[in-house]
Amino acid sequence: MTGPGRDTETGPERGTGPALRPRRPATRPLLALAALCAALFTAVAVTVAVRHGAPLAPERAAHRWALAHRGEPLRATAGALTATGTGPVPYLMAVLAGLLAGRGARGRLRAVACAVAVLAVGQAVRYGLMELLARPRPTTADWVGRASGYAFPSGHATTSALAAGLLAWGIARYAGRGPARTWSAVLALWAVAVGLTRVYLGVHWPGDVLGGWLLAGTVLSLALLQERYVLPDRYAADGLPDSGGAGPA
């Protein structure tokens, strides 16, 4: 690799020199990650269901801490930050991810559609689980933010983690590993911060946020396994070795 967007084995891309051709994601590590996230999510969900939504002692302690530390400007900052975890912002991030990842008009359109679809599917799964488990939120007297529906898993935590993962993927496909590491860290911090604001604002228990992160991790891992179908023009037709060292696909 000679710099972002360069690989001496492929042809020109975006008029800046030889194109970056990504290595296929390693199938086994991604499957293992998806299985781990799914197993942990299931454990959290079962705990919620068995207790009929009643919070655990650590969740009650975190909630009490949040109630006792709501001074300004933290409260206003948390309110502004939590607003970025829902509405148009995550979808704009998914669109940007697709535009960065795709090559050519058709490739970008396909990548945008798939990125938005991953976000939408993740939200739909989250909503279905939320209705199924029907975990009550903390009492409304403790809220200092807007919320609706049941508590588990947190919609803001799920959506922001999905959007962060998608944009990190898009940046990695556009700029290479160096910039991707930096931006992945920034995006991860943003998603974590959005999730924590839901507890700080009193509208979620910590388990709701953890469940949202685990659900997003499961969806993102499974989605990344389909990358070769989303970006077929970025992989060699004769079989490109994946990053797990498993040999030609």
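All values reported here derive from a predicted model rather than from experimental measurement.
Using a 4.5 Å heavy-atom threshold, the side chains of C114 and E227 count as separate. Between R51 and L56, some side-chain heavy-atom pair lies under the 4.5 Å cut-off. Residues V203 and P138 have side chains not in contact (no heavy-atom distance under 4.5 Å, counting atoms from C-beta outward). Two residues are said to be in side-chain contact when any heavy atoms from C-beta on lie closer than 4.5 Å; T82 and Y200 fail this criterion. In this structure the side chain of T84 reaches within 4.5 angstrom of the side chain of W190, judged on heavy atoms. Inter-residue side-chain proximity for V194 and T159 is flagged as unmet; no heavy-atom pair is nearer than 4.5 Å.
In terms of modelled atom types and a separation under 3.5 Å, the side chain of R137 and the main chain of Y150 share a donor-acceptor contact. A distance-only check finds a donor-acceptor pair linking the side chain of S184 to the backbone of A180 [under 3.5 Å]. The main-chain N or O of L201 is found under 3.5 Å from a side-chain atom of R70 such that the two form a donor-acceptor pair. Judged purely by atom type and a 3.5 angstrom limit, H156 has no side-chain atom pairing as donor or acceptor with the backbone of T86. Distance alone, capped at 3.5 Å, is enough to place a donor-acceptor pair between the R110 side chain and the V230 backbone.
Atom-to-atom distance recorded for L222:CG and L31:CG is 7.5 Å, nearest 0.5 angstrom. Interatomic distance, OG of S221 versus CG of L30, reported as 6.0 Å (0.5 Å rounding). Atoms CE and OG, from M130 and S154 in turn, are 10.5 Å apart once rounded to the nearest 0.5 Å. Going from atom CZ of R126 over to atom CG of L162 covers 10.5 Å, rounded to the nearest 0.5 Å. Note that the CG atom of L96 and the CD1 atom of I171 stand 7.0 Å from one another [nearest 0.5 Å]. Atoms OG1 and CG, on T42 and L214 in that order, are 9.5 Å from each other to the nearest 0.5 Å.
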Are T158 and Q123 close enough, and set up right, to give a side chain to side chain donor-acceptor pair (under 3.5 Å), and what steps lead you there? CA-CA 7 Å; T158 305; Q123 288 185 310; over 6 Å; no
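Note: the hydrophobic cluster containing L231 does not contain L109 (ILVMFWY, side chain heavy atoms under 4.5 Å, direct or indirect links). Linking Ile, Leu, Val, Met, Phe, Trp and Tyr residues whenever their side-chain heavy atoms come within less than 4.5 Å places L119 and L215 in a single cluster. L40 and V219 fall within the same hydrophobic cluster, defined by Ile, Leu, Val, Met, Phe, Trp and Tyr side-chain heavy atoms under 4.5 Å apart, directly or through other members. Hydrophobic clustering (side-chain heavy atoms under 4.5 Å, transitive across Ile, Leu, Val, Met, Phe, Trp, Tyr) groups V118 together with V121. Residue W169 is grouped with residue L225 when hydrophobic side chains (ILVMFWY) are merged at heavy-atom distances under 4.5 angstrom, including chains of intermediate members.
Below 30°, between 30° and 60°, or above 60°: for F41 and F152 the angle between ring planes is below 30°, a parallel geometry.
Counting all heavy atoms, side chain and backbone alike, L129 lies closest to P153 at CB-CD, 4.1 Å. Between A164 and A191, the shortest heavy-atom distance links the atoms CB-CB, 4.0 Å. Contact between A157 and V209 at its shortest, heavy atoms only, is CB-O, 3.7 Å. Annotation for L187 and M93: closest pair CD2-CE, 3.9 Å, computed over non-hydrogen atoms. The shortest heavy-atom contact between P90 and G87 is CD-O, 3.3 Å. For the residue pair G170 and L100, the shortest heavy atom distance occurs at O-CB, 3.5 Å.
Applying the ring pair (Phe, Tyr, Trp, His ring centres under 6.0 Å) criterion to Y91, with sequence neighbours excluded, gives no partner residue. Residues meeting the ring pair (Phe, Tyr, Trp, His ring centres under 6.0 Å) test with W65, sequence neighbours left out: H69. Remark: W213 engages no residue in a ring pair (Phe, Tyr, Trp, His ring centres under 6.0 Å) (not counting sequence neighbours).
Contact check on R135 versus D208 returns a salt bridge, with a Lys/Arg side-chain nitrogen under 4.0 Å from an Asp/Glu carboxylate oxygen.
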